[in-house]
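Contents: one structure, followed by commentary.
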Amino acid sequence: MTVRTRFAPSPTGYLHIGGVRTALFNWLLARQSGGQFILRIDDTDTERNIDSALQPILDGFKWLGIDWDEGPEVGGIHQPYFQSQRLSCYQAATQRLLESGKAYRDYATPQEVAQEREAAEREKRDFVYSRRWMAETEETCQKFEAEGRSFVVRLKMPREGTCNIEDLVRGEVSFDWDREQDHVIQRADGTCLYHLANVVDDHDFEITHVIRAVEHLSNTPRQIFIAESLGYQLPSYAHIPFVAEPGSKNKLSKRKIEQYMKNHDFKKLFDHGVAIANRIDLEVVPSSFNPVLVDFYRDIGFLPDAIVNYLLLVGWSLDDKTEDFSRQQMTDLFSLDRVVKSEASFDPEKLLVFQQRYMNELPLKQKVVRCLPFLQRAGLVGPSIECEMGPYLSSIIDAADDRITVAGDILQFDDFFIPDEKLQYDSKAFQKRLVKPENAGYLLDLFKGELAQQDDFKADPLNALLHHFCESQGIKIGQIIHGLRVAVTGKAAGFGMFETLEILGRERCIHRIERALEHLHGAAE
RNA sequence: GGCCCCUUCGUCUAGUGGUCUAGGACUCCGGCCUUUCACGCCGGCAACACGGGUUCGAGUCCCGUAGGGGUCACCA
């Protein structure tokens, strides 16, 4: 039997990071055994524009490298994969349920059911529908219809015994049938509800393993009832813990971003993103620019592999030390029995660590490819990059080394792309390193003269040059190097000073120092 | 509230009765390196929710308590 798993997103316009984790586990299980991973669209309740709400989700999966064998865009032998187009399947199933007496027409109005529910609450007993408006014969149907009533279809749930679920993650879990309600499976207008659709589709698509978040565990008995009533063979169930908020055990929610901002690490991640977004004219709105959603990561230059590797480890582990997994390794080694039972909080800091690791391992060429679009979007580099820009960009990214965590971080080194005349000085740094030290200007001016005579403008010789200079002046290198950095980059911090000088080249270094000196004298007057 | 699930360092986790005076990773705190920032290196702090059993022996099994979460829709 080949393993067939599925993920069933609703077209909401965004891809939730917790959803990705669930999809990932499904995908992994299918891939490791040469099975199929299916994407099915749960759009039974939405009347919005499906295309525009679905595309971001499909794009998200594609970006992450989670591909599907059947579903939107790729089709498949079981199509359609949109629930909104499968109504007839559900109606046929409902009909069979009705015929076998596992479901019934119910002519109660919502108000009448609500009244029963309230009465039960008042009397402090569990609510069980009286089935007062249940119609199992043509006569009763006609009687109720004569009263002007319309019907919904309800499940006729067992009222005794237990439902045992053999869960691949949790072991055996049992529920008493008498706690279950006669759930509605079809509305008065003939449209169907989630649970029925879900069970019918899983069967039609020949899903062998239903891997989903724990919040569905309590819903499983009714689905089992439907499946068994229809004579379906039950899939295996695995209820995995959901991804929780940072620092709590609540389910991570897209809407609670305001609250998450109180979490230091979450805010740090968000602010990191905002700094990049502001430079590339990206709208910072919670509906897409939100660390709970995948778009956020793509937009600021995360690596899909880093995210997938991180997500793999929230709720699953191989052993007590292995953390890095290639796609191949994770598909080979993943197993449901090593899924943890308790909910795991999303840890932005740890995600960043994976990102950093993957970014550092990326070949320089790849880094350049990832960073370039950010420079272009920030208007620092033209749309068609000139030939000489390639090596120039490479040298910067090479020198920046691990300081580039996400591709968008290249913008921290914007000073290499700004014309000398437009270089902005960090005012605090300028004050501290150039204005305040008495002889900073003097030393810088002197050293500028040395630079002007330096022919071999490479990091090592420049290093030697500055050291000799310091010796001859009887100063420590710290007395000049900071001011030099501020003068040529405008910033207090950056990568190696001598690499910086080399990359900038002699003319620009001198020009920038002159400009800084002018600025300094201007400030003094 | 009923039912169901969960509970090891701040976080992610290892641990399937003795090798656990509980291991790893991230964070944090020291120190080293150093021209800044970052990296790196070394070291350190830090957890079995609680109470009863069972057992020679319990983080590991059982029961209870507490806490957390989920679910009880003509939502998905």
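The chains referred to below are lettered A, B, ... by the order of the sequence lines, with proteins before strands, and numbering in each begins at 1.
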Quick check for you: among [options], whose closest atom lies nearest to any side-chain atom of [X]?
| X | options | value |
| --- | --- | --- |
| Pro110(A) | rU71(B), rG24(B), rC74(B) | rC74(B) |
| Phe498(A) | rG24(B), rU35(B), rC6(B) | rU35(B) |
| Leu193(A) | rC75(B), rC4(B), rC72(B) | rC75(B) |
| Arg117(A) | rA73(B), rC39(B), rC74(B) | rA73(B) |
| Glu323(A) | rA25(B), rC6(B), rU11(B) | rA25(B) |
| Ser218(A) | rA14(B), rG70(B), rC37(B) | rG70(B) |

Would you say the ring centers of Trp133(A) and Tyr104(A) fall short of 6.0 Å from each other?
no
Would you please test Tyr310(A) and Asp347(A) for side-chain hydrogen bond (donor to acceptor under 3.5 Å, both in side chains) and show each step?
CA-CA 9 Å; Tyr310(A) 169 72; Asp347(A) 183 350; 5.6 Å; no
Would you mind classifying the nucleic acid contact of [X] as base, sugar-phosphate or nothing, using non-hydrogen atoms under 4.0 angstrom?
| X | result |
| --- | --- |
| Val152(A) | base |
| Lys249(A) | sugar-phosphate |
| Gly494(A) | base |
| Tyr310(A) | nothing |
| Ala108(A) | base |
| His216(A) | base |
| Gly247(A) | nothing |
| Asp126(A) | sugar-phosphate |
| Asn250(A) | sugar-phosphate |
| Arg179(A) | sugar-phosphate |
| Tyr194(A) | base |
| Thr322(A) | nothing |

Taking pairing as Watson-Crick or G-U wobble with both contacts under 3.5 Å, can you name the mate of [N], or confirm there isn't one?
| N | value |
| --- | --- |
| rU16(B) | none |
| rU60(B) | none |
| rG43(B) | rC29(B) |
| rU35(B) | none |
| rU7(B) | rA66(B) |
| rG2(B) | rU71(B) |

Side chain proximity check, His183(A) to Arg154(A), heavy atoms < 4.5 angstrom:
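No, every pair of side-chain atoms sits at 4.5 Å or beyond.
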Do Thr191(A) and Gln186(A) have side chains that get closer than 4.5 Å, going by heavy atoms?
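The answer is no; the side chains never approach within 4.5 Å.
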If you go through the side-chain atoms of [X], does one of them form a donor-acceptor pair with the base of [N] closer than 3.5 Å?
| X | N | result |
| --- | --- | --- |
| His183(A) | rA73(B) | no |
| Lys321(A) | rA14(B) | no |
| Arg403(A) | rC37(B) | yes |
| Asn219(A) | rA76(B) | yes |

Give a yes/no on whether any side-chain N or O of [X] is located under 4.0 angstrom from OP1 or OP2 of [N].
| X | N | result |
| --- | --- | --- |
| Ser317(A) | rA14(B) | yes |
| Arg187(A) | rC75(B) | yes |
| Arg154(A) | rA73(B) | no |

Does a donor on one side chain sit under 3.5 Å from an acceptor on the other, for Asp201(A) and Tyr90(A)?
yes
Just checking, any donor-acceptor pair under 3.5 angstrom between side chains of His272(A) and Thr405(A)?
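Distance-only check fails for His272(A) and Thr405(A).
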Let me know, please, whether Val113(A) or Phe495(A) comes out on the 5' side of the other along RNA chain B by nearest nucleotide.
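Mapping each residue to its closest nucleotide by heavy atoms, the 5'-most match is Phe495(A).
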Between rA47(B) and rG59(B), how many Å separate the two C1' atoms, rounded to a whole number?
10 Å
Taking atom P in both rG67(B) and rC62(B), what distance in whole Å separates the two?
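Per the computed distance, 22 Å lies between those P atoms.
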Check the orientation of Phe266(A) and Phe346(A). Use parallel for under 30°, tilted for 30 to 60°, and perpendicular for over 60°.
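Ring orientation, 0 to 90° scale: perpendicular.
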